[in-house]
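In what follows, every chain begins at residue 1, and chains take the letters A, B, ... in the order their sequences are listed. What you see below is based on every heavy atom in this structure, not just the backbone, and it leaves out hydrogens, waters and symmetry mates.
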Amino acid sequence: MLFDDVADASGRLVATRSRLAKRAVLVDVLRRAAAGGPEDVAIVSRYLGGELRQRRTGLGWRSLGGMPGPAVAPSLTVQAVDAAFAHMAGLAGPGSSTERLEAARALFAAATEREQRLLGGLVSGELRQGALDALLLDAVAQAAGVPADAVRRAAMLAGETEAVAVAALGADSPEDARATLDAFTLTVGRPVRPMLAQSAPDVATAVAELTARAGATAVPAAEVVVDTKLDGIRIQVHRDGDDVRVYTRSLDDVTARVPEIVAAVRALPARTLVLDGEALALDAEGRPRPFQETASRSATRDADLAASATLTPYFFDVLHVDGWDLLDAPLRERLAVLDQVAAPHVVERVVTSDATVASEHFRAVVAAGQEGVVVKATEAPYEAGRRGAAWVKVKPRHTLDLVVLAVERGSGRRSGRLSNIHLGARDSAGGFVMLGKTFKGMTDEMLAWQTERFRELEAADDGWTVTLRPEQVVEIAFDGLQRSTRYPGGFALRFARVLRYRDDKSAAEADTIDAVRELATP
DNA sequence: TTCCGACAGTGGGGTCGCAAT
DNA sequence: ATTGCGACCCCACTATCGGAA
């Protein structure tokens, strides 16, 4: 199959906003890929989902700058493109960067204009065609003549879409496809997509949301599980005898980097296991260390550095134990099993129907230095890959009134707007200390307003960033402070987002860097 | 007819490893 | 030795479509 066929499809996806029309485009190109055989389906399904088959190519957004102009006529096949990226991904050692760039230039030179757009999107990871994995799964279902749920479930259990697309589209009939899909089951050693949580502003809201959903039959005061939310990295651990594998949230295998987790799981009383949890670094008193330290420890491959801190695993769910799949069992049942098989490494929780008790647990765990809680429906199954309503996280929220120091131009649907704002706190000398940036929390109306407003405050414009007279106050919400070498105050806001612009306050009334410092040293 | 679940998009800070400078 | 880039860890929030109610 020609790569240009995929580029054409991608262009048609960009051209329509209708998801049904997008799905029709995807179905069409998937069917044509199927005619070319399983290898074409494998590559095309990846590309339509916005990914290369190679997890790391060494090429990124920055490398795309110096690419040559387009070819006039299409010539590349999807297999040739895949082979080119496989070659680039395999390069290492001195001279490899140069060689990789040369290979990329050759590839781009052979690509037409729309093919170049697709290549760029795949390399940068920003395809912007309004359709990624979820819509692709729907299209696979339609192309294979099977229910969308069957395809989705197979993909969640396989931990990937490519293999599922190949299986479904390689089938001779819808019945055959259905059977092939149903053969994707939870397998020890193959990670599933982790279940995700929605968020709520406070525990009472989270509890109310869960009981409202469970309360179709108006059961009064349904019980909920209130799990401690740890500020570490998500881990999914598979054990088959002495063979233990540790995967991250994106299903990356990090087993070699975390021997202490492997050892901890080997000591548990079960032969086969699939556990879902969090790993973090603790201090001498057993309190959690800052996330940055956990991140540092879990990212390093250097043995000496790794020895400087230990990760402790805590589990909050079990998907499999000794031949028994628990995905469809209610949480209540899974937790009973978890407590038996993972005893010293289970996340602290309370189970209650009393919102006050739930709130009290939240206060206690935050006081103990933890990130917050996740409130869960007791009867819900494990919904792999879904940000279901059955899990709702709650974290403390801080706010500050800061001054907008500068603003950057937006891109994509925000192009033409001033979008990403630079945030500063007052210092004692009458100046401002930058604490980070944010683009979050802005409605279209706010974007329109600030685009005009910041033009009024413009002091300089370098073509990307507009520097402002420091007059506009904005109320910012954030999760906490982290150490920073990038910003002059030594702090940066974590997960900053705009709540509202404050026209009732002048810059002289904004919060000070001293107030911020006090937050950092409780 | 209205409501709401799910998804894609728009980017944030920090950390590491690696190759180039 | 330092710098820049790529990859990946954590992530919040809004707009939109189309099925559910």
Within 45° cone of A:Phe439 ring axis and under 6.0 Å: A:Arg497 NZ or CZ: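 Not flagged: A:Arg497 not positioned over aromatic ring of A:Phe439.
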Below 4.0 Å: OP1/OP2 of B:dT10 and any side-chain N or O of A:Ser411: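 No, because none of the side-chain N or O atoms of A:Ser411 sits under 4.0 Å from OP1 or OP2 of B:dT10.
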Which of residues 480-500 of chain A sit near DNA chain C, with a heavy atom under 4.0 Å from it?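 Under 4.0 Å from DNA chain C: A:Arg494, A:Phe495, A:Arg497.
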Between A:Thr300 and A:Arg152, name the one whose nearest nucleotide on DNA chain B is closer to the 5' end.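 Mapping each residue to its closest nucleotide by heavy atoms, the 5'-most match is A:Arg152.
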Tell me which of A:Phe291 and A:Leu127 sits closer to the 5' end of DNA chain B, going by the nucleotide each one is nearest to.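 Taking each residue's closest nucleotide, the earlier one in sequence belongs to A:Leu127.
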So does A:Asp138 pair up with A:Arg152, basic N to acidic O under 4.0 Å?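 Answer for the salt bridge query: no.
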Base, sugar-phosphate alone, or nothing: which one does [X] contact when heavy atoms must sit under 4.0 Å apart?
{"X": "A:Lys437", "value": "sugar-phosphate"}
{"X": "A:Thr294", "value": "nothing"}
{"X": "A:Lys22", "value": "nothing"}
{"X": "A:Gln129", "value": "sugar-phosphate"}
{"X": "A:Ala134", "value": "sugar-phosphate"}
{"X": "A:Asp231", "value": "nothing"}
{"X": "A:Ser199", "value": "nothing"}

With nearest nucleotides of DNA chain C determined for A:Thr57 and A:Ser18 from heavy-atom distances, which residue corresponds to the more 5′ nucleotide?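 By nearest-heavy-atom nucleotide position, the 5'-most residue is A:Thr57.
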Quick one: on DNA chain C, does A:Arg413 or A:Leu251 contact a more 5' nucleotide (nearest heavy atom)?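 Closest to the 5' end, via its nearest nucleotide, is A:Leu251.
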Would you call the rings of A:Trp449 and A:Tyr501 parallel, tilted or perpendicular if under 30° counts as parallel and over 60° as perpendicular?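 Tilted: the ring planes of A:Trp449 and A:Tyr501 meet at 30° to 60°.
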Return the value, rounded to whole Å, for the distance between atom CD of A:Glu383 and atom P of B:dC7.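 To the nearest whole Å, that distance equals 11 Å.
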Every protein N/O within reach of nucleotides 18-20 of chain B N/O, cut-off under 3.5 Å:
| from | atom 1 | to | atom 2 | distance (Å) |
| --- | --- | --- | --- | --- |
| B:dA19 | OP1 | A:Gly93 | N | 2.5 |
| B:dA19 | O3' | A:Ser97 | OG | 3.0 |
| B:dA20 | OP1 | A:Gly95 | N | 3.3 |
| B:dA20 | OP1 | A:Ser97 | N | 3.4 |
| B:dA20 | OP2 | A:Gly95 | N | 3.0 |

Quick one: which of B:dG12, B:dT15, B:dG9 gets closest to the side chain of A:Asn420?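 My answer, after comparing the listed nucleotides, is B:dG12.
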Rounded to 10°, tell me the angle between the two end axes of the helix from B:dA8-C:dT14 to B:dT21-C:dA1, each built from five pairs.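 The angle separating the two end axes equals 20°.
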Please name the pair of heavy atoms, one in A:Lys376 and one in A:Leu210, separated by the smallest distance, quoted to 0.1 Å.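 That closest heavy-atom pairing would be C-CD1, 3.4 Å.
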Is C:dA21 paired to anything, Watson-Crick or G-U wobble with both distances less than 3.5 Å, and if yes, which nucleotide?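 WC or wobble partner is B:dT1.
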